[in-house]
Peer 1: 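Take a look at this one; I'll ask things after.
As the structure is a computational prediction, the values presented were derived from the model and not from experiment. Just so you know, residue 1 is the first one in the sequence shown, and it goes up from there. First listed ligand is number 1; within each ligand, the first listed atom is number 1.
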Amino acid sequence: MLDVVIRGATLVTAEGMQRADLGIQGGRVAAVAASLPEARRVIEADGLWLMPGGVDSHCHIEEPSPDGTVMEESFESASRSALAGGTTSVVCFVPQWKGGGVLERFADQRRRAERAMVDVAFHQIITDPTPEVLEREIPELVRQGVRSLKVFLTYDPLVLDDAGYLQVLAAARRNGCLVTVHCENFHAINHRIAALKAAGIVAPHAHALARPAIVEREATHRAIALAEMMDQPIQVFHVSCAEAAEEIARAQARGVRVWGETCPQYLALTASDMAREGFEGAKFMCSPAPRDEAEHGRVWAMIRRGVLDVVSSDHCGFSFDGPHGKRANGADAPFDQVPNGIPGIAARLPLLFSEGVAAGRIAPEEFVRLVSANPAKVMGLWPRKGSLHIGADADCVLWDPKAERVLSNAAMQHAIDYTPYEGRAVTGWPVMVLRRGEVVMEGDVVTAQPGSGEYLPRGPYALAQGRGVLEPWLS
Ligand code: DUC
Ligand code: ZN
Ligand code: ZN
């Protein structure tokens with residue numbers, strides 16, 4: 001007898017839609033058929049859609065800083081928020097601090113993640129590509145299941161110059177890792193910050209003035225060109241505008257292995273949100289900066305073209321009022337002293353569904369590709385995650401496509417004291433979530449136990465491999 005049968009739903013996967021029952025055995029998808037027999041537990045799901053659980057491949061959770069402070073959102077609170085919004089797997093970050101290695105930091109993040117209630121994989125941030133890190137530590141990390149290296153082309157003290165970036169690309173290539181890149185031009189931003197401050201323009205809305213689309217476009221172009229030269233696949237993170245996406249499109253048309261990710265904030269927020277009364281604008285500060293409403297349409301066009309094929313949250317929980325939050329440097333701190341990042345792990349699926357499927361911009365299958373199947377593929381987790389294939393982990397979201405909700409901070413169930421989406425009406429909402437066959441959220445109540453999430457070690461996968469066109473003397 002099957003452990004669970006979900007009966008009567010419309011299955012929506014990357015491959016299509018069908019009316020079918022889904023059976024679960026031992027935490028995995030065991031059967032999909034027009035009609036399945038009794039099971040130990042039967043979940044009636046008439047009128048609901050059944051989709052693979054969300055895979056959020058870009059989340060900042062409980063990341064420590066060299067000064068000993070740790071991001072306010074813990075693995076436990078972020079997991080609760082993820083499950084409340086229909087996400088069952090995350091890929092989050094391990095820091096590296098200049099002068100230090102990565103293996104110790106990785107072990108530390110693995111320990112923190114033991115409290116998770118969603119399944120967790122890791123990207124390793126590289127800020128100091130020393131010979132020890134490149135030659136010894138990265139191969140060991142790969143043995144321990146890490147298959148993506150993250151680099152920043154801006155942000156002091158995380159920034160890598162071109163020489164450092166090239167070394168990371170080469171190490172990734174040798175070890176079968178994907179490289180994920182934050183693309184903004186460091187020196188151009190600093191130049192503009194200095195000019196804005198000299199002119200006395202320091203309120204939160206100056207954040208957008210300091211980081212216009214051109215700084216993103218330039219870094220995107222450079223990141224792709226160097227990756228193309230090194231025959232190394234990359235994913236460009238959080239693409240905010242069409243002009244950066246055009247760089248990706250041009251490279252894809254040449255056959256370069258480059259993928260583009262965007263986030264709901266680039267489809268729902270604008271630079272004018274940062275100009276709200278008082279310091280309220282700080283609640284919308286993330287990098288790259290949200291652009292204007294016309295840009296939302298252009299980003300949607302890039303999604304529909306397939307140039308941007310992943311929508312992640314870039315969840316980065318800084319509270320508004322907490323000791324390490326947006327006002328940590330004062331209620332009127334200049335914009336460059338305000339931490340960058342916004343919470344969004346719970347809002348991701350509802351926002352994208354509402355603006356995408358309910359608004360008629362994308363088909364339901366495309367929604368599943370963007371939030372679940374494609375992130376799983378690009379990160380080497382597919383088909384275990386992001387699919388409802390026989391044998392896949394039974395991570396399932398039962399979705400009410402007609403539910404009308406209003407986003408609120410309470411509904412996000414995170415540890416942060418605000419949501420940038422407060423008061424926004426959405427159509428479509430998760431009503432039940434199963435993670436590896438276990439009901440972990442029902443009717444907005446998360447019932448998973450802290451520590452029930454699993455680490456997701458990743459092995460070699462084709463999307464992280466180059467095309468084999470590198471000069472032999474360069475490898
Ligand atoms: N931008 C980043 O690059 N990382 C975290 C949050 C943000 O806004
Ligand atoms: Zn980034
Ligand atoms: Zn990020």
Side-chain angles (χ1 to χ4, degrees), residues 56-65 69-73 78 90-96 109 121-127 148-160 165 168 178-186 189 204 206-208 210-211 215-216 219-220 223 234-241 244 259-271 273-274 281-291 308 310-320 324-326 328 335-345 347-348 375 378-379 414 416 418-421:
D56 196 338
S57 53
H58 184 163
C59 305
H60 300 271
I61 301 173
E62 217 176 317
E63 276 177 43
S65 302
T69 59
V70 180
M71 277 181 184
E72 291 157 284
E73 190 84 280
V90 298
V91 188
C92 47
F93 295 89
V94 180
Q96 184 202 6
Q109 285 314 88
F122 292 97
H123 307 287
Q124 177 65 56
I125 296 171
I126 304 292
T127 60
S148 44
L149 306 176
K150 159 85 189 277
V151 303
F152 289 89
L153 300 185
T154 190
Y155 280 142
D156 202 10
L158 304 174
V159 60
L160 283 189
Y165 176 50
V168 174
L178 182 74
V179 175
T180 62
V181 194
H182 179 125
C183 294
E184 290 184 294
N185 183 301
F186 178 59
I189 291 169
H207 181 69
R211 317 175 90 96
V215 307
E216 184 181 347
T220 303
I234 62 169
Q235 186 189 40
V236 178
F237 267 170
H238 42 49
V239 177
S240 74
C241 56
W259 291 274
E261 171 211 76
T262 189
C263 313
Q265 48 268 42
Y266 305 116
L267 300 165
L269 303 180
T270 64
D273 286 315
M274 285 179 274
K283 292 181 176 175
F284 306 88
M285 283 173 70
C286 55
S287 293
R291 314 271 173 218
L308 305 176
V310 166
V311 177
S312 69
S313 68
D314 198 3
H315 180 81
C316 189
F318 291 108
S319 63
F320 193 54
H324 309 302
K326 298 283 187 182
F335 70 94
D336 64 327
Q337 302 296 310
V338 179
N340 285 198
I342 57 174
I345 202 167
R348 181 178 70 117
V378 174
M379 293 303 153
H414 53 207
I416 306 304
Y418 81 96
T419 169
Y421 306 110

Peer 1: Taking distance alone, with no angle check, do K150 and ligand 1 share an N/O pair under 3.5 Å?
Peer 2: no
Peer 1: Please report the interatomic distance OG(S319) to NZ(K283), rounded to the nearest 0.5 Å.
Peer 2: 10.5 Å
Peer 1: Counting heavy atoms only, which part of Y155 comes closer than 4.0 Å to ligand 1: side chain, backbone, both or neither?
Peer 2: side chain
Peer 1: What residue and heavy atom of the protein are closest to atom 4 (N) of ligand 1, and at what distance?
Peer 2: H60 NE2, 3.6 Å
Peer 1: Using heavy atoms and a threshold below 4.0 Å, how should the contact between C286 and ligand 1 be classified: side chain, backbone, both, or neither?
Peer 2: both
Peer 1: Any non-hydrogen side-chain atom of P339 less than 4.5 Å from a side-chain atom of H324?
Peer 2: no
Peer 1: Tell me the closest heavy-atom pair linking G341 and F318, and the distance in Å.
Peer 2: O-CD1, 4.1 Å
Peer 1: Could you list which atoms of ligand 1 come closer than 4.0 Å to a heavy atom of G341?
Peer 2: 6 (C), 7 (C), 8 (O)
Peer 1: What part of I342 sits under 4.0 Å from ligand 1 if we count only heavy atoms: the side chain, the backbone, both or neither?
Peer 2: neither
Peer 1: Please verify the inter-ring angle class for H60 with F93; under 30° counts as parallel, over 60° as perpendicular, anything in between as tilted.
Peer 2: parallel
Peer 1: Provide, to 0.1 Å, the distance between atom 8 (O) of ligand 1 and the closest protein heavy atom, together with that atom's residue and name.
Peer 2: S287 N, 2.8 Å
Peer 1: As an exercise, identify every atom of ligand 1 less than 4.0 angstrom from a heavy atom of H238.
Peer 2: 3 (O)
Peer 1: Name the orientation class of the two ring planes belonging to H414 and H315 (parallel below 30°, tilted from 30 to 60°, perpendicular beyond 60°).
Peer 2: tilted
Peer 1: Where do V179 and Y165 land on the side-chain contact (heavy atoms from CB on, under 4.5 Å) test, with the steps shown first?
Peer 2: CA-CA 10 Å; V179 175; Y165 176 50; 4.3 Å; yes
Peer 1: Counting distance only, does the side-chain N/O of Q109 pair as donor-acceptor with the main-chain N or O of E62 below 3.5 Å?
Peer 2: yes
Peer 1: Take the Zn ion (ligand 2) and tell me which protein N, O or S atoms are nearer than 2.8 Å.
Peer 2: H182 ND1, H238 NE2
Peer 1: Under the side chain to side chain donor-acceptor pair (under 3.5 Å) test against H238, which residue among H182, E216, H58 passes?
Peer 2: H182
Peer 1: Output all residues satisfying salt bridge (charged side-chain N to carboxylate O under 4.0 Å, His left out) with E184, sequence neighbours left out; order by chain, then residue number.
Peer 2: R211
Peer 1: Relative to the heavy atoms of H182, which atoms of ligand 1 are at a distance of less than 4.0 Å?
Peer 2: 2 (C), 3 (O)
Peer 1: Which ligand 1 atoms are under 4.0 Å away from a heavy-atom of C316?
Peer 2: 5 (C), 6 (C)
Peer 1: So which heavy atom on L269 is nearest to which on P290, and how close?
Peer 2: O-CB, 3.6 Å
Peer 1: Run the numbers on T270 and F284 for side-chain contact (heavy atoms from CB on, under 4.5 Å), then give the verdict.
Peer 2: CA-CA 8 Å; T270 64; F284 306 88; over 6 Å; no
